[in-house]
Amino acid sequence: MSENVSHHDGEQHDGRRAGFFTRRGLLGTGAGGLATAIVFGHGLRSAGTAAAAPLDAAALNPKDPHAFTGVVRRAALRTATTTGSAVRILPLDRAKFQAGATFDLRIEATGVDPESTRIVIRVAGEDGPTPLLSPAPLRTSSAEDSVEVTYEGLSYPEAGTFTIAAEVTSSAGTTSAEVRHEVVVAQAGDRKAKNVIFFLGDGMGAAAITGARILSKGITEGKYHGLLEMDRMEVRGNVTTSGCDSIATDSANSMSAYMTGHKSAVNAMGVYPGNDPDPARSPKVETMAEVLKRSNGMSIGIVTTAEVQDATPAAVFAHTRRRSEYASIMDQALQPAQMPDVLLGGGRASLLPQSVEGSRRTDDRDLVEEFKDKGFAYAGTRAELRDVMAAGTPDKLLGTFTLGNLNVYIDREISPDPEVLGEFTDQPGLVEMTEAALKVLEQNDNGFFLMVEGASIDKSEHPLDGPRAVYDTIELDQAVGAAKRWAEGRDDTLIVVTADHNHAMSIAGTHSLSEDAADDGPARQANGVYADAGFPTYVDADGDGFPENPNPDVQLFFGWSNHPDHPDDFAHNPVLVQPALEDPATELAVPNPERDPGSVVQVGNLPLDQTNCVHTVEDVYVMASGPGAARFGAVLDNTEVFHAICDGLGLRIPTYRLRSSGVAQMDVGAGAAEQAAPVG
């Protein structure tokens with residue numbers, strides 16, 4: 001059936017104002033049925049036309065919602081509005097550093113003649129010039145009209161405010177820029193944490209948490225029968241999530257903010273986004289893994305239901321301008337300064353040599369064997385993980401349980417489908433992986449940092465699948481419970497739970513299958529709101545926190561603030577189905593004919609090439625317990641989460657002694673062959 005859509009502004013029709021829908025208006029009268037206009041993209045076509053020429057799903061393409069997150073439509077506009085020479089300093093203005101943390105300083109001049117360009121760089125602290133600069137910067141030209149000067153591995157030796165100024169002179173004239181950097185030393189409270197367990201619900205907004213509480217704990221007469229583990233943390237605050245390039249973030253730069261204390265851009269992690277097209281050559285900032293291994297000798301653990309090279313796990317240790325550089329990310333994981341001690345999740349395809357079926361690599365390296373050579377025990381299934389742990393706790397642990405992402409909880413545990421799971425029928429859950437990681441990491445007397453990600457909250461929300469997102473939120477919460485039990489009585493462990501960004505999902509009421517079946521109207525008429533919503537009828541008979549049936553007669557009504565045109569009957573889908581697919585002829589999104597066939601097409605509000613819903617800009621929650629938790633009870637910029645963790649640890653980063661050749665002012669002469677020279 002087709003949805004009634006008005007195309008008039010403010011006109012009156014039959015006593016009703018156009019654009020306002022009523023149940024009677026939607027259902028029609030007598031044999032009239034529904035209006036037949038459906039909005040597709042820019043214009044209209046009738047339901048009869050759509051029925052006469054049905055779309056063939058086999059001829060359409062699914063799109064990875066994370067694969068096309070860079071600037072597309074506005075690139076030409078931004079280029080066109082940039083004229084003359086310009087200079088940019090990275091790290092950016094208002095960047096905040098822990099004293100001793102390393103970073104690359106880059107000056108980028110654009111719109112200049114590289115052969116005639118001279119750059120003078122000055123560094124000053126509160127007491128005057130500061131000898132921070134090394135005398136041998138790297139001078140490059142990433143484009144015909146650009147010059148970059150990069151100092152690698154600098155660090156501020158003490159707290160304070162520092163100013164970096166750059167003056168660029170070339171045949172195009174003279175231009176300048178200045179940034180201020182804040183440098184702090186971690187301030188521990190009465191108690192100092194030895195360990196940090198950091199939980200990240202990818203895309204876990206308020207709706208996911210509320211839905212998890214409804215399903216896992218139950219609600220009667222408006223009162224919950226219990227609270228989630230994350231609900232019962234000591235402190236709760238809010239986190240703002242925007243990156244340096246856009247108010248709308250992706251998981252790479254939002255997680256990077258948590259793991260470095262610095263802003264980055266969409267698709268980037270562990271770097272400030274430079275102008276060099278090589279994703280490995282943007283200026284770096286030290287990651288959580290690097291700084292804690294170097295400063296405290298702590299162990300690093302990563303547990304995820306995504307591929308271990310995905311944005312969130314990779315941001316713990318990796319540096320790249322492009323999050324899809326999985327081979328480079330795995331190479332970095334093998335470097336001693338960045339190497340996690342525990343790495344559990346999916347992503348085996350990026351470790352297998354190209355000759356093995358399912359490999360994503362373009363070489364013959366076998367990274368599973370390379371990790372084993374570095375002392376890692378390996379597990380490829382749930383049974384193997386149990387066997388490895390039963391044989392004696394290893395010093396290091398690698399587990400990759402699927403080629404790609406792990407399957408979501410519903411598809412693994414509630415209604416396993418061989419066609420969905422394929423050969424990977426023995427995947428561990430998030431709780432099992434968390435418990436194994438804690439056993440390995442607790443062996444280090446210097447403490448550890450463990451990151452645990454519920455990745456498929458987000459990966460279910462993108463295709464508009466609320467039940468799968470909620471069940472994975474419950475699984476994450478149960479992993480939080482496992483960590484709390486481990487930390488009970490220790491008084492030395494800070495536990496933090498947050499999300500990297502919000503998502504489009506909301507809960508508007510309930511949807512009734514019985515009303516849907518009894519009513520000849522569109523499925524939306526079976527959505528109950530206000531008093532009609534009542535309460536859902538999920539049942540958790542065995543008390544494990546997961547209702548046995550995600551598709552009860554009365555279930556949650558999930559709404560979406562952004563989405564493509566897509567069919568929707570508002571009920572749980574037994575198999576996850578993309579809402580829209582790409583038409584290769586036009587590269588535009590079209591409703592997926594295999595999703596809820598026969599249901600009304602919901603008119604989208606996204607750009608016409610978007611096939612999935614996208615992240616939203618609202619704040620997310622942060623919850624914390626343990627030493628340093630009080631620091632999280634505020635509205636925090638996402639970069640402040642890093643510094644709050646440093647405060648919880650009372651972190652002291654060794655500062656490099658300033659080289660005798662360090663200077664406060666540097667003149668980088670024109671021409672690639674000229675040497676940089678200190679000034680003054």
Side-chain angles (χ1 to χ4, degrees), residues 197-219 224-233 236 239 241 251 254-255 303-306 310 312 345 405-415 429-434 451-484 495-508 536 538 540 544-551 555-560 572-573 576 613 615-616 618-623:
I197 308 174
F198 184 87
F199 287 92
L200 194 288
D202 201 312
M204 186 178 68
I209 296 172
T210 301
R213 191 186 308 118
I214 291 170
L215 269 64
S216 185
K217 303 303 177 183
I219 183 170
Y224 290 97
H225 297 294
L227 296 176
L228 299 171
E229 295 287 352
M230 67 181 79
D231 289 330
R232 294 184 285 111
M233 304 288 281
R236 177 174 293 216
V239 177
T241 64
S251 297
S254 52
M255 183 61 174
V303 171
T304 179
T305 53
D310 202 14
T312 298
N405 302 311
L406 271 62
N407 291 98
V408 300
Y409 190 89
I410 284 178
D411 296 339
R412 277 187 282 116
E413 305 292 344
I414 301 297
S415 52
L430 200 58
V431 173
E432 294 167 88
M433 292 191 290
T434 300
M451 192 287 297
V452 180
E453 181 196 19
S456 288
I457 303 168
D458 169 90
K459 296 181 193 305
S460 298
E461 289 169 321
H462 277 296
L464 311 177
D465 197 312
R468 284 178 170 81
V470 168
Y471 273 73
D472 271 47
T473 304
I474 297 171
E475 184 180 34
L476 178 71
D477 188 67
Q478 293 195 353
V480 174
K484 290 168 73 173
I495 301 176
V496 180
V497 184
T498 190
D500 47 356
H501 54 76
N502 211 325
H503 230 297
M505 186 172 74
S506 65
I507 299 171
Y538 300 96
D540 176 18
D544 67 351
F546 295 93
E548 286 79 9
N549 180 13
N551 195 41
Q555 54 194 260
L556 295 182
F557 161 32
F558 295 98
W560 305 90
H572 169 65
N573 290 319
L576 189 149
C613 87
H615 305 167
T616 61
E618 299 93 345
D619 299 352
V620 295
Y621 292 131
V622 60
M623 296 79 86

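Residue numbers count from 1 along this sequence.
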Would Thr312 and Asp500 satisfy side-chain contact (heavy atoms from CB on, under 4.5 Å), going step by step from the backbone distance to the final call?
CA-CA 9 Å; Thr312 298; Asp500 47 356; 3.9 Å; yes
Decide yes or no on side-chain contact (heavy atoms from CB on, under 4.5 Å) for Thr241 and Val620, but give the supporting numbers first.
CA-CA 8 Å; Thr241 64; Val620 295; 4.0 Å; yes
Minimum heavy-atom separation for Ser216 and Gly545, please, with both atom names.
OG-O, 3.1 Å
About how many Å separate CG of Asn549 and OH of Tyr538, when rounded to the nearest 0.5 Å?
9.0 Å
Heavy atoms, side chains only, cut-off 4.5 Å: are Ile474 and Leu215 in contact?
yes
When rounded to the nearest 0.5 angstrom, what is the spacing between CD in Glu475 and CG in Leu406?
8.5 Å
How far does CG of Asn407 sit from CD of Glu413, to the nearest 0.5 angstrom?
10.5 Å
Note: Thr498 and Met204 closest approach over all heavy atoms is O-CE, 3.8 Å
Heavy-atom pair of closest approach, residues Glu453 and Thr304
OE1-OG1, 2.6 Å
What pair of heavy atoms forms the shortest contact from Ile457 to Gly201, and how long is it?
CD1-CA, 3.9 Å
Without hydrogens or angle criteria, can the side chains of His615 and Asn502 be said to hold a donor-acceptor pair below 3.5 Å?
no
Could you give me the CA-CA distance, side-chain angles and deciding distance for Gln478 and Glu229, then say whether side-chain contact (heavy atoms from CB on, under 4.5 Å) is met?
CA-CA 7 Å; Gln478 293 195 353; Glu229 295 287 352; over 6 Å; no
Decide side-chain contact (heavy atoms from CB on, under 4.5 Å) for His503 and His462; before the verdict, give the C-alpha distance in whole Å, the side-chain angles of both, and the deciding distance to 0.1 Å.
CA-CA 8 Å; His503 230 297; His462 277 296; 3.5 Å; yes
How long is the span from the OG1 atom in Thr616 to the CH2 atom in Trp560, to the nearest 0.5 Å?
11.0 Å
Short N-O contact, Asp231 and Arg236, less than 4.0 angstrom
yes
Output the distance between atom CE (Met230) and atom CZ (Phe199), rounded to the nearest 0.5 Å.
9.0 Å
Please find the pair of heavy atoms, one from Arg213 and one from Gly226, that lie closest to each other, and give the distance.
CG-O, 3.9 Å
Who pairs with Tyr621 by ring-ring contact (aromatic ring centres under 6.0 Å, His included), at least two apart in sequence or on another chain?
none
Set out, in order, the CA-CA distance, both residues' side-chain angles and the distance that settles salt bridge (Lys or Arg N to Asp or Glu O under 4.0 Å) for Asp465 and Lys459, then state yes or no.
CA-CA 9 Å; Asp465 197 312; Lys459 296 181 193 305; over 6 Å; no
Modelled atom types, side-chain donor and acceptor of His501 and Asp202, under 3.5 Å:
yes
Determine the minimum heavy-atom distance between Tyr471 and Phe546, stating which atoms define it.
O-CE2, 3.5 Å
Looking at side-chain heavy atoms only, is the closest gap between Phe558 and Val470 below 4.5 Å?
yes
One should read off an interatomic distance between Leu476 CG and Ile209 CD1, to the nearest 0.5 angstrom, of 9.0 Å
Is the shortest side-chain heavy-atom distance between Pro550 and Ile414 below 4.5 Å?
yes
Are any of the side-chain nitrogens in Asp477 or Lys484 under 4.0 Å away from the carboxylate oxygens of its partner?
no
Results of ring-ring contact (aromatic ring centres under 6.0 Å, His included) for Phe198 - residues two or more places apart only:
Tyr258
Indicate yes or no: at least one non-hydrogen side-chain atom of Thr305 is less than 4.5 angstrom from one of Tyr409.
no
Checking Lys217 now: which residues fulfil salt bridge (Lys or Arg N to Asp or Glu O under 4.0 Å) with it, not counting sequence neighbours?
none
Flag the pair Val303 / Leu430 as yes when at least one side-chain heavy-atom distance between them is below 4.5 Å, and no otherwise.
yes
Does Thr210 use its side chain to pair, donor to acceptor, with the backbone of Ala206 at less than 3.5 Å?
yes
Is there a side-chain contact between Arg468 and His572, using heavy atoms and a 4.5 Å cut-off?
yes
